[in-house]
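Step one of this worksheet: look at the structure below.
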Amino acid sequence: MTTQRNGSLPLDGPIPHHVAIIMDGNGRWACDRDLPRHEGHREGMKAVRHAIEAAMEIGVEYLTLFAFSTENWNRPEEEILALMGLLKLYAESERDELKEKEIEVRILGDLAPMDPDTREAVEEIQEATRGGTAMRLNLMVSYSGREELLGAVRTLAHRVRRGELDPEQIDGTMLEGALHTRGLPDPDLLIRTSGEFRISNFMLWQLAYTEIHISPVLWPDFTRSEFFDAVRDYQRRERRFGRVTAG
Ligand code: FPP
């Protein structure tokens, strides 16, 4: 399949069904400009729009963005307040447009520590966009891959204790059914910005066979062009899922 876009090379090959992004480098972007860190996050919100537009344009079905990790609760209070404020602003200001574009939004993570106003805003955007069929956008908030796995193990252990489940019955599909991402395919492509080669506790189960693209740009500088570069890189990969090459 060839997809032509204005002003750049065509994408020629399979389009990833599911793209996940670790949006890194907001703080460094702000620091480089002698700005407070929250200005980097604010600018990063624009890059979120670019990524959504680019994904929609080429027909990505699932886009998953790592917006706030469980570990981020340990940042200075000022930065946490700024990030929660931005999430609320995003949920309120983008809700109608995302609904119109038929993008279904889900916020995945442990929302218990979130302040009530932000929680209400994210619940509203989920409700408003429910059933959208063009693309599913997952915002991972207060999320940690290890916590997610521990939660799934606890859920299954309770079922064993209640006598509903024999431990021998537990398989990958059952575990996946107890993750935040239940029902979603694993990401085909993971993009991480700011040149760091780390997974940072993100989707530890789901990334088992995902192709990884590291972009050198800081997240606020991420544009559609960087997104398409990542997809082109993906299209050059040979995915073997642990098997040998065909032929
Ligand atoms: C990592 O950069 C980024 C974050 C912790 C937050 C990501 C948030 C946004 C992109 C804006 C809000 C998004 C939505 C969807 C509302 P960092 O602060 O760790 O950067 P550094 O490594 O340069 O310090």
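Computed from a predicted structure; not experimentally measured. Atoms considered below: every heavy atom in the structure, side chains included; atoms not considered: hydrogens, waters and symmetry mates. Note that ligands are numbered from 1 as they come in the structure, with each ligand's atoms numbered from 1 the same way.
Closest protein heavy atom to atom 11 (C) of ligand 1: His41 O, 3.4 Å. Among all non-hydrogen protein atoms, the one lying nearest atom 20 (O) of ligand 1 is Gly27 N, 3.0 Å.
Near Tyr90, meaning under 4.0 Å from any of its heavy atoms, are these atoms of ligand 1: 16 (C). Those atoms of ligand 1 that come under 4.0 Å of a heavy atom in Asn72, given as number and element, are 5 (C). Interface of Met23 with ligand 1, defined as ligand atoms under 4.0 Å from a residue heavy atom, comprises 1 (C), 2 (O), 3 (C), 10 (C). Each of the following atoms of ligand 1 lies closer than 4.0 Å to a heavy atom of Arg75: 5 (C), 17 (P), 18 (O), 19 (O). Near Ala67, meaning under 4.0 Å from any of its heavy atoms, are these atoms of ligand 1: 6 (C), 7 (C), 8 (C).
Side-chain contact between Ser69 and Ser200 is absent, with no heavy atoms from C-beta onward closer than 4.5 Å. For the pair Arg224 and Glu53, the minimum side-chain heavy-atom distance is below 4.5 Å.
Relative ring orientation between Phe241 and Tyr209 is described as tilted, the plane-to-plane angle lying within the 30° to 60° band.
Of all the heavy atoms of Trp219, the ones lying under 4.0 Å from any atom of ligand 1 belong exclusively to the side chain. Contact annotation: for Arg42 versus ligand 1, there are no heavy atoms closer than 4.0 Å. Residue contacts with ligand 1, taken as heavy atom pairs separated by less than 4.0 Å, do not involve Lys88 at all. Contacts between Leu218 and ligand 1, counted as non-hydrogen atom pairs separated by less than 4.0 Å, are absent for every part of the residue. By the criterion of a heavy-atom distance under 4.0 Å, neither the backbone nor the side chain of Leu65 is placed next to ligand 1.
Between the side chains of Glu71 and Asn201, at least one donor N or O sits under 3.5 Å from an acceptor N or O. His17 and Asp188 are not linked by any side-chain donor-acceptor pair at a separation below 3.5 angstrom, with hydrogens and angles left out of the test. One side chain, His41 or Glu79, offers a donor N or O that lies under 3.5 Å from an acceptor on the other.
Classification of Asp233 and Arg237 as a salt-bridged pair holds, one side-chain N sitting under 4.0 Å from a carboxylate O.
Side chain of Thr210 to backbone of Leu189: no donor-acceptor contact under 3.5 angstrom is found. Listed for the Thr70 side chain is a donor-acceptor partner under 3.5 Å among the backbone atoms of Ser144.
For the ligand labelled ligand 1, residue Asp24 lies inside the 4.0 Å heavy-atom shell.
Residue-to-ligand polar distances keep Gly44 apart from ligand 1: every N/O pair is separated by 3.5 Å or more. Looking at Arg28 next to ligand 1, an N or O pair under 3.5 Å apart turns up.
Within the cation-pi definition used here (under 6.0 Å to the ring centroid, within 45° of the axis), Arg75 does not qualify as a partner of Trp73.
Relative to atom 13 (C) of ligand 1, the option among Leu86, Val48, Asn26 with the closest non-hydrogen atom is Val48. Which of His38, Met84, Arg37 comes nearest to atom 17 (P) of ligand 1 through a heavy atom is settled by distance: it is Arg37.
By the 4.5 Å side-chain criterion applied to Ile, Leu, Val, Met, Phe, Trp and Tyr, Ile199 is assigned to a cluster that also includes Ile22, Phe66, Leu108, Met140, Tyr143, Leu149, Leu156, Val160, Leu165, Ile170, Met174, Leu175, Leu179, Leu190, Phe197, Phe202, Met203, Leu204, Trp205, Leu207, Ile212, Ile214.
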